[in-house]
Amino acid sequence: MMEIPFTKMHGLGNNYIYINLFEFNLEERHFSRLAQAVSDVHTGVGSDGLILIHPTDEADVGMRIFNRDGSEGKNCGNGLRCVAKFAYENGIVKKDTFKIETRANTVEAKVRADAGAVSEITVNMGQPLLKRSSIPMVGEEATNVVAEPFPVGDLELSLTAVSMGNPHAVFSVDAIKDAPVYQLGPVIEQDERFPEGVNVEFIEIISPTEINFRVWERGSGVTQACGTGACASAVAAVLNGKAERDQDITVHLEGGDLNIKWDTNGDVWMTGGAEVIASGTFNYRI
Ligand SMILES: N[C@H](CCC[C@H](N)C(=O)O)C(=O)O
């Protein structure tokens, strides 16, 4: 039995168990099974997955994310905001603007703090990857995937694929309440056209500055919010001529709103909150 100190945090209801590896030693061989164990709502703490906050030579702080099924995701927008809050409030960083390394890239976070408590975080998520081979998706390597016919069963959907360091398949629907998240999410997640699987987003574009959003996450299923998914959805809206670069786009996720902007330098900016739910000790049966 290993007693593991953790903090449970969420970004718009997308909640993870965070372990601070600046203060606790955990071998890599435990990461995947621990994610499954700690995420279990019946026998664990219950979460969408596990996030490790770790020292790194590449940035002020590092983040690794593992989904509920134990698979490792390469990036996590809601997780980045929570890591930024945790790092600032726990003295891991001493400045309000700092760098966080993910498995996909290194991003810059800026926290807004009042009397030491972080209320809002803005992250420059870097540039989206749009080439089919970067998603990754099978097919003609060098082409982008924008409004591409995507047959699923006896349906023909229109796919826009965007990577934020992790893969996203974005589909537009007329009304978000009718989005087939549970029916098509798991099917598309495992579709062979995505060799590494894919996060699946359904969006209703209300206006050039407002999107309704729901998600089926690779490795975790339906979550209340997905920060990288919100970024991918805003990029998809621009690519489809439904929104503009350099515009603040409000993405309404089930758990709340994010402000996303894809600027003319090519960077995607995400602004939103992060909350601490609880902290404690997890009894991990090795
Ligand atoms: N919830 C996360 C995304 C997790 C991505 C993970 N499901 C994967 O790519 O495998 C977010 O806020 O961006």
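Order of appearance sets the numbers: ligands from 1, and atoms from 1 within every ligand. Scope of the values below: all heavy atoms of this structure, side chains included, with no hydrogens, waters or symmetry mates.
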Note to self: Under the rule for side-chain contact (heavy atoms from CB on, under 4.5 Å), what residues qualify as partners of Leu130, not counting sequence neighbours?
What the structure shows: Pro128, Asn144, Val162, Val235, Leu239, Trp262
Check: So which protein residues pack against ligand 1 under 4.0 Å, heavy atoms counted?
Finding: Asn14, Tyr16, Ile65, Asn67, Gly73, Asn75, Cys76, Gly77, Asn78, Asn166, Asn199, Glu217, Arg218, Cys226, Gly227, Thr228
Check: Do the rings of Phe150 and Phe194 sit parallel, tilted or perpendicular, given the 30° and 60° boundaries?
Finding: tilted
Next item on the list: Could you tell me whether the side chain of Glu254 and the main chain of Val215 form a donor-acceptor pair under 3.5 Å?
Entry: no
Margin query: If the condition is side-chain contact (heavy atoms from CB on, under 4.5 Å), which residues does Ser207 pass it with, not counting sequence neighbours?
Written below: Thr209, Glu210
Return all side-chain donor-acceptor pairs below 3.5 angstrom for residues 270-281, not counting sequence neighbours, or 'none' if the list is empty.
residue: Thr271; atom: OG1; partner: Thr122; partner atom: OG1; Å: 2.8

Notebook entry, point to check: Hey, are Arg245 and Thr264 close enough side-chain-wise for a donor-acceptor pair under 3.5 Å?
Noted result: no
